[in-house]
There are 2 protein chains.
Amino acid sequence: MYIKLDPQSDFPIYSQLIHQLMEGILKGDLKEGDMLPSVRSLAADLGINMHTVNKSYHELEKRGIIQIVPKSGAVVRLQQAEKESEHYTRLVRELKPVLLEAMTLGMGKAEINSLVELLVKEYKEE
Amino acid sequence: MYIKLDPQSDFPIYSQLIHQLMEGILKGDLKEGDMLPSVRSLAADLGINMHTVNKSYHELEKRGIIQIVPKSGAVVRLQQAEKESEHYTRLVRELKPVLLEAMTLGMGKAEINSLVELLVKEYKEE
DNA sequence: AGATTTGTTCTATATTTTATATAACAAAAA
DNA sequence: TTTTTGTTATATAAAATATAGAACAAATCT
């Protein structure tokens with residue numbers, strides 16, 4: 001699975017890594033139950049620090065996407081996000097400002113929905 | 001127009017201010033052509049630094065939402081975001097990771113769309 | 001015209017976040 | 001048993017965030 005990081009991006013490295021790993025899951029490169037590479041080996045592969053990878057993994061765990069087994073490794077464990085769950089709440093908190101921006105740029109409900117559909121399709125066809 | 005800032009938020013103050021001002025525009029508190037308060041007066045009202053407000057204003061200008069007239073003030077000037085415009089491109093870049101998160105949380109196209117509709121309605125009924 | 005307010009620019013400082021670097025530890029895995 | 005694992009700790013550096021104060025010229029107000 002290929003991971004691309006851009007040091008010049010607005011997003012910090014650990015965020016980019018989170019995004020790439022989520023992409024990998026959605027594309028099927030990583031499936032439920034799969035082990036993620038160890039923080040040391042992935043850091044070496046990507047040419048970044050171990051702690052940066054570690055931060056990404058723990059953030060993914062906080063988001064309910066992987067499970068970290070102490071002294072062992074990280075496993076893909078997708079959780080269903082119930083409404084009112086902390087995962088769902090955080091998602092809404094992150095989604096709001098982006099929608100605000102879309103609306104101030106003149107996009108309506110229909111336009112936003114078609115954009116969302118377009119982007120969703122890039123990762124998963126249903 | 002009431003503006004609420006949370007120093008403990010994950011979002012920096014200047015980002016929160018950007019969001020609140022966008023909300024004000026969408027709710028109709030600020031209309032096309034309206035002047036924004038001066039950076040000094042708004043900073044004083046909110047109990048934050050002048051330069052922080054200034055940063056928010058310039059970011060809003062970069063996003064095509066207001067126009068800053070040198071030595072005069074800031075005016076609401078909503079631009080239509082054409083596809084392929086830098087505004088549209090940035091929006092997509094910000095929207096992608098949020099959608100990735102939604103999908104890894106198990107949400108499908110329909111679920112995401114209904115959430116988007118729900119949030120959009122909070123600001124603007126069409 | 002004169003006084004005030006405006007955004008702008010500059011320097012300075014402090015805190016937080018991000019990223020890297022080393023080292024050591026105990027538990028798990030090979 | 002040797003290696004690898006995540007964890008924890010300390011340390012450093014750079015960037016982002018936020019505040020502070022001062023000075024300037026243009027715009028606005030009285």
Side-chain angles (χ1 to χ4, degrees), chain A residues 3-22 30 33-77 90 93-94 97, chain B residues 3-22 30 33-77 90 93-94 97:
Chain A
I3 291 178
K4 181 182 59 179
L5 300 177
D6 173 17
Q8 309 306 323
S9 166
D10 290 337
F11 294 100
I13 297 176
Y14 80 94
S15 289
Q16 295 179 53
L17 181 52
I18 288 172
H19 300 158
Q20 300 272 314
L21 290 172
M22 289 195 296
L30 292 169
D34 281 358
M35 296 284 296
L36 291 183
S38 79
V39 292
R40 282 185 173 85
S41 65
L42 185 54
D45 285 352
L46 299 177
I48 62 177
N49 194 274
M50 184 192 78
H51 298 102
T52 306
V53 176
N54 201 246
K55 184 170 185 178
S56 301
Y57 280 13
H58 277 87
E59 186 64 31
L60 281 169
E61 186 177 46
K62 204 188 296 176
R63 298 191 191 184
I65 295 171
I66 69 174
Q67 185 185 350
I68 298 175
V69 185
K71 312 291 174 191
S72 172
V75 194
V76 178
R77 285 259 176 276
R90 177 181 44 249
R93 194 165 56 243
E94 291 170 357
Chain B
I3 291 179
K4 182 183 59 180
L5 300 177
D6 174 16
Q8 308 306 323
S9 166
D10 290 338
F11 294 100
I13 297 175
Y14 79 95
S15 290
Q16 294 180 53
L17 181 52
I18 289 171
H19 300 158
Q20 300 271 317
L21 290 172
M22 290 195 295
L30 292 170
D34 281 357
M35 295 285 296
L36 291 183
S38 79
V39 292
R40 281 184 174 87
S41 67
L42 185 53
D45 284 354
L46 299 176
I48 61 177
N49 193 275
M50 183 192 80
H51 298 101
T52 306
V53 177
N54 200 245
K55 184 171 184 176
S56 301
Y57 280 13
H58 277 88
E59 186 63 31
L60 281 169
E61 185 177 47
K62 204 189 295 178
R63 297 190 191 184
I65 294 170
I66 69 175
Q67 185 186 348
I68 297 175
V69 185
K71 311 293 175 190
S72 171
V75 193
V76 178
R77 286 259 176 276
R90 177 180 45 249
R93 192 165 56 242
E94 290 169 358

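Numbers restart at 1 for each chain; the letters A, B, ... are given by sequence-line order, proteins then strands.
Each salt bridge (Lys or Arg N to Asp or Glu O under 4.0 Å) pair with one or both residues in residues 63-76 of chain B, not counting sequence neighbours, appears once here: A:Glu101-B:Arg63, B:Glu59-B:Arg63. Judged as a side-chain hydrogen bond (donor to acceptor under 3.5 Å, both in side chains), the pairs with a partner in residues 34-45 of chain B (not counting sequence neighbours) are, in order, B:Ser38-B:Ser41.
From B:Leu30, atom CG reaches atom CD of B:Gln20 across 11.5 Å, with rounding to the nearest 0.5 Å.
Considering every non-hydrogen atom in both B:Gly73 and B:Met35, the closest pair reads CA-CE, 3.9 Å. In this structure, B:Gly33 and B:Val75 approach most closely via the heavy-atom pair O-CG1, 3.3 Å. Considering every non-hydrogen atom in both A:Met22 and B:Pro97, the closest pair reads CE-O, 4.0 Å. Nearest heavy-atom pair, B:Tyr57 versus B:Leu36, reported as atom, atom and distance to 0.1 Å: OH-CB, 3.5 Å.
Taking the 5' to 3' direction, DNA chain D first and last meets chain B under 4.0 angstrom from a heavy atom at D:dT17 to D:dT28.
Residues B:Val76 and B:Ile65 are not in side-chain contact: their nearest non-hydrogen atoms beyond the backbone lie 4.5 Å or more apart.
The side-chain hydrogen bond (donor to acceptor under 3.5 Å, both in side chains) test applied to B:His19 returns no partner, not counting sequence neighbours. A search for side-chain contact (heavy atoms from CB on, under 4.5 Å) contacts involving A:Leu46 returns A:Ile3, A:Leu5, A:Leu17, A:Leu42, A:Ile48, not counting sequence neighbours. Every residue two or more places apart in sequence or in another chain that forms a side-chain contact (heavy atoms from CB on, under 4.5 Å) with A:Gln67 is listed here: A:Glu61, A:Arg77. Partners of A:Arg93 by side-chain contact (heavy atoms from CB on, under 4.5 Å), not counting sequence neighbours, listed by chain and number: A:Thr89, A:Arg90, B:Asp10, B:Phe11.
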**Prompt:** How does protein reach along nucleotides 3-17 of chain C, written 5' to 3' as B (base within reach of a heavy atom under 4.0 Å), S (only sugar-phosphate), or - (no contact)?
**Reply:** ---BBBBB-------
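Computed from C1' positions of five pairs at each end, the angle between the two local axes of the helix from C:dA1-D:dT30 to C:dA30-D:dT1 equals 40°, rounded to 10 degrees.
Residues of residues 5-13 of chain A that place a heavy atom closer than 4.0 Å to DNA chain C, in numerical order, are A:Pro12, A:Ile13.
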